[in-house]
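Note that these values count all heavy atoms, side chains included, but never hydrogens, waters or copies made by symmetry.
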Amino acid sequence: MNPALTPVKRRIWLLCAVCIVLAIALSCRFYVIQIRRHDELYQKAQNWYTASKDKMKQRGKIFDADGNLLVGNMPKIHVVCSPYSVVEEPFVHLEKSLKPGVREKLPGLRENRRRMVAFLLSKCFDKSAVEFYHALSPWREVRNADGKTVRRKRQRLVIDKAADPEAVKRFKELMKEKKLNLGGFVFENIYIRYYPKGRMLANVIGFANVGKDIHAERGGLELAVGKDLRAQGSTETFQRSGDGRALAYGESRVDVAGYDGDDIYLTVREPVQAVLEDELNRAFAETGASFVYAAIADPRTGDILAISQRPNFDPGDPGTIKSGNFANAIAGNAYEPGSVMKPFTVAKALDEGVITPQSIIDCGKTSSWYYGGHRLSDPRGYGDMPPGGVLKKSSNIGTAKIALMMGDEMVYQMFRDFRFGVKSGLPFTSESRGRLPRYPFRDKVTVTRAPIGYSVQVTALQLLRGYCAIANGGKMPELRLLDRRVSADSGEVENYPRKEAERVLKHPETFSALTEMLISVTAPDGTGRRARIPGFDVAGKTGTSQMVVNGSYSGAPYRASFCGFVPARRPELVMIITFEGLDPKKDHGGGNVAAPVFQKVMSRVLKLLNIAPDYPEQLGKEK
């Protein structure tokens with residue numbers, strides 16, 4: 001062997017040994033990385049190049065019976081930024097690479113960027129440049145476990161919870177003009193609730209404050225049928241590039257499919273609702289009442305065609321909600337109704353054969369009558385009158401004497417038959433059931449007071465349902481507000497159940513006799529004469545009652561009501577209207593306050609729905 005080659009061989013062997021050691025070390029390292037830590041490192045890599053994206057789905061819309069939009073959704077953009085990423089990160093890498101003489105300029109560059117971004121934000125969103133400047137502070141001071149103050153990066157600032165897309169577009173354009181990148185900003189498409197009709201049906205619909213991470217439902221249908229309206233957002237995981245964009249060739253998966261909420265159609269008809277809203281606006285302003293509420297229904301089906309109240313609010317502007325105008329008064333207010341209760345007493349007495357239309361009731365020759373140690377009065381002594389006269393003149397004494405002929409048990413059964421003390425069944429979460437006098441009656445007076453609308457509390461919806469039964473030939477329908485639901489996924493239509501009308505009057509002739517009596521109420525000499533409509537027979541009843549204030553009726557404000565149906569002998573529409581808080585020194589009777597509004601509303605609605613008049617020749621003369 002050549003001695004000169006020996007050092008070379010040694011070096012070769014040494015190099016081989018080093019390579020072998022390195023190969024073994026690399027193999028061990030590869031084993032640790034690829035086998036032992038594979039799952040851990042794979043998860044870290046996935047976290048770096050994958051991202052999740054939430055997509056908000058649309059809440060179900062609400063329509064009237066004819067498909068007119070009452071509640072919808074409006075596209076908005078949820079704008080969020082990281083103040084640290086916006087102000088600091090663009091200069092982090094520069095700070096390490098710049099020469100010492102240039103590096104000192106970076107604080108000024110950061111400050112200029114912060115001021116410029118704040119200025120551009122103020123041009124597009126609802127805050128001043130000064131407010132945005134302070135909000136864009138990239139650091140926040142916190143106390144750690146040792147009690148020392150340390151700096152932390154500010155990673156989240158909500159710029160606008162629900163920004164207008166045009167404002168966002170303008171901001172992006174301004175940033176591009178100033179050659180500022182949008183790093184640190186996140187723009188997420190969302191939907192917010194949209195109420196195109198303003199205050200129309202506000203207390204019935206309620207409102208939902210729906211947006212990014214907000215799903216608050218407050219009152220009305222938004223809460224009551226929220227389970228049908230609610231949507232479920234979707235979540236998608238995708239592979240992204242370094243700048244956060246989704247890779248066209250990357251893998252993606254849907255983690256949560258999500259779904260849109262179902263659409264709800266009401267029985268309400270917007271043109272009829274608009275008439276009611278218009279007239280209530282006028283009446284509320286003219287009378288000075290604290291409340292006025294009304295509803296119109298189809299007596300055969302129980303479908304609510306219009307329903308409203310004053311005061312109310314704008315569901316699109318929660319700032320308009322005040323104490324007293326948010327609750328649904330027509331469902332929640334239980335009150336002593338006064339004389340609108342009298343037709344039910346007469347109907348039961350007729351149906352049970354206690355009286356006939358020709359019976360003579362002694363209403364007294366004077367305005368006062370004493371029973372059970374208590375006084376009951378009429379405006380004057382009406383003498384002998386048939387039941388029709390009792391209703392026509394709204395005689396308290398005459399109605400009380402009919403009730404005495406019926407007896408306590410039959411009077412109480414009358415309330416049960418007409419379902420007073422039972423909720424209407426409409427989808428209102430705060431509906432009152434009212435209050436009936438406890439049976440057996442505790443005293444002799446209750447049997448004379450409850451039938452005339454005192455010593456009993458009912459809601460306007462219960463009265464509406466009861467008058468529907470009278471107008472429907474003695475068969476009481478269930479009131480309906482929800483008509484149908486349309487599935488967002490399949491488009492399948494599901495009708496809300498319609499219950500069969502329940503008979504509450506045994507004899508059909510009771511309806512016809514009572515109808516004639518109620519028509520006489522709106523005759524020229526009746527208490528409801530101001531409810532008369534040219535060309536139509538109107539059947540109805542006025543009601544006036546004092547409101548209890550501090551446990552007393554004395555000097556208290558009044559409540560005035562009118563409930564009726566038209567055309568009287570072939571009813572198409574039933575309406576209840578009630579005023580609360582009327583000044584006793586001004587007009588406060590049902591005949592003077594409520595009946596004229598009934599007349600105005602029904603006159604317009606009858607024309608709107610093209611309902612044939614009873615006396616066409618009267619309409620011709622009117623023209």
Side-chain angles (χ1 to χ4, degrees), residues 51 53-56 58 72-95 102 104-141 151-196 198 207-214 216 233 240-246 314-320:
K53 181 179 181 181
D54 295 331
K55 184 177 181 182
M56 192 172 178
Q58 289 200 53
N73 302 295
M74 183 180 293
K76 295 286 185 178
I77 298 177
H78 188 71
V79 184
V80 181
C81 80
S82 163
Y84 176 82
S85 299
V86 171
V87 177
E88 293 284 339
E89 277 192 354
F91 305 100
V92 170
H93 299 295
L94 286 175
E95 191 169 10
V102 182
E104 285 74 13
K105 297 181 180 179
L106 285 179
L109 295 175
R110 291 191 184 99
E111 183 70 9
N112 288 339
R113 177 178 173 83
R114 181 178 169 185
R115 290 186 182 278
M116 180 56 68
V117 173
F119 174 74
L120 298 182
L121 284 170
S122 70
K123 289 287 186 181
C124 305
F125 304 103
D126 193 23
K127 280 184 183 178
S128 68
V130 174
E131 290 176 297
F132 276 121
Y133 174 79
H134 290 298
L136 285 172
S137 173
W139 301 99
R140 59 189 178 92
E141 293 185 349
R151 291 205 308 172
R152 294 282 188 269
K153 298 175 183 178
R154 293 190 68 232
Q155 299 285 22
R156 180 176 173 81
L157 171 66
V158 177
I159 302 297
D160 198 322
K161 293 180 180 179
D164 188 86
E166 288 298 319
V168 173
K169 180 181 178 182
R170 186 181 176 214
F171 174 69
K172 290 180 177 179
E173 290 173 348
L174 290 174
M175 290 285 283
K176 186 176 181 181
E177 286 178 11
K178 299 298 182 180
K179 298 181 179 179
L180 298 172
N181 65 61
L182 289 166
F185 283 91
V186 177
F187 306 93
E188 185 173 355
N189 294 326
I190 65 169
Y191 293 98
I192 66 169
R193 216 56 171 148
Y194 171 53
Y195 299 91
F207 78 93
N209 187 12
V210 178
K212 176 65 176 175
D213 301 326
I214 302 173
R240 64 178 182 176
S241 61
D243 60 1
R245 296 182 181 180
D314 183 352
D317 181 8
T320 61

[X] versus [Y]: any side-chain heavy-atom pair under 4.5 Å?
X	Y	answer
Lys127	Leu121	no
Glu111	Arg115	yes
Lys76	Tyr191	no
Arg154	Trp139	no
Val210	Met56	yes
Pro83	Lys153	no
Arg156	Val80	yes
Val87	Val117	no

Of the non-hydrogen atoms in [X] and [Y], which two are nearest, and what is the gap between them?
X	Y	value
Gly198	Pro315	O-CD, 3.2 Å
Gly184	Ser85	CA-CB, 3.7 Å
Cys124	Ala167	O-CB, 3.4 Å
Ser128	Ser122	C-CB, 3.7 Å

I'd like to know whether Ser137 forms a side chain to side chain contact (heavy atoms under 4.5 Å, CB included) with Arg114, so could you lay out the CA-CA distance, the side-chain angles of the two residues, the decisive distance to 0.1 Å, and finally the verdict. CA-CA 8 Å; Ser137 173; Arg114 181 178 169 185; 3.6 Å; yes
Glu141/Arg151 salt bridge by N-O under 4.0 Å criterion: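 No salt bridge links Arg151 with Glu141.
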List for me each residue that meets ring pair (Phe, Tyr, Trp, His ring centres under 6.0 Å) alongside Phe171, sequence neighbours excluded, and say none if there are none.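 Partners of Phe171 under the ring pair (Phe, Tyr, Trp, His ring centres under 6.0 Å) test: Phe125, Phe185.
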Does Phe119 CZ have over 12 foreign heavy atoms under 6.0 Å away? no
Kindly compute the distance separating [atom1] ([X]) from [atom2] ([Y]), expressed to the nearest 0.5 Å.
X	Y	atom1	atom2	answer
His134	Glu131	NE2	CD	9.0 Å
Cys81	Gln155	SG	CD	10.5 Å
Asp314	Phe207	CG	CZ	10.5 Å
Asn73	Tyr194	CG	OH	11.0 Å
Ile190	His78	CD1	NE2	6.5 Å
Leu120	Lys178	CG	NZ	7.0 Å

Give me each pair satisfying side-chain hydrogen bond (donor to acceptor under 3.5 Å, both in side chains) with a member in residues 158-167, each pair once, sequence neighbours excluded.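 Matches after skipping sequence neighbours: none remain.
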For Arg170 and Leu174, run side chain to side chain contact (heavy atoms under 4.5 Å, CB included): C-alpha distance rounded to whole Å, both residues' side-chain angles, the deciding distance at 0.1 Å, then the answer. CA-CA 6 Å; Arg170 186 181 176 214; Leu174 290 174; 4.3 Å; yes
Asn181: side-chain contact (heavy atoms from CB on, under 4.5 Å) partners, not counting sequence neighbours: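 Asn181 satisfies side-chain contact (heavy atoms from CB on, under 4.5 Å) with Arg113 once adjacent residues are dropped.
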Decide whether Asn209 and Arg193 meet the rule of one side-chain donor and one side-chain acceptor closer than 3.5 Å. no
Evaluate the side chain to side chain contact (heavy atoms under 4.5 Å, CB included) criterion for residues Val79 and Val168: first the C-alpha distance (whole Å), next the side-chain angles of each, then the deciding distance (0.1 Å), finally the verdict. CA-CA 8 Å; Val79 184; Val168 173; 3.9 Å; yes
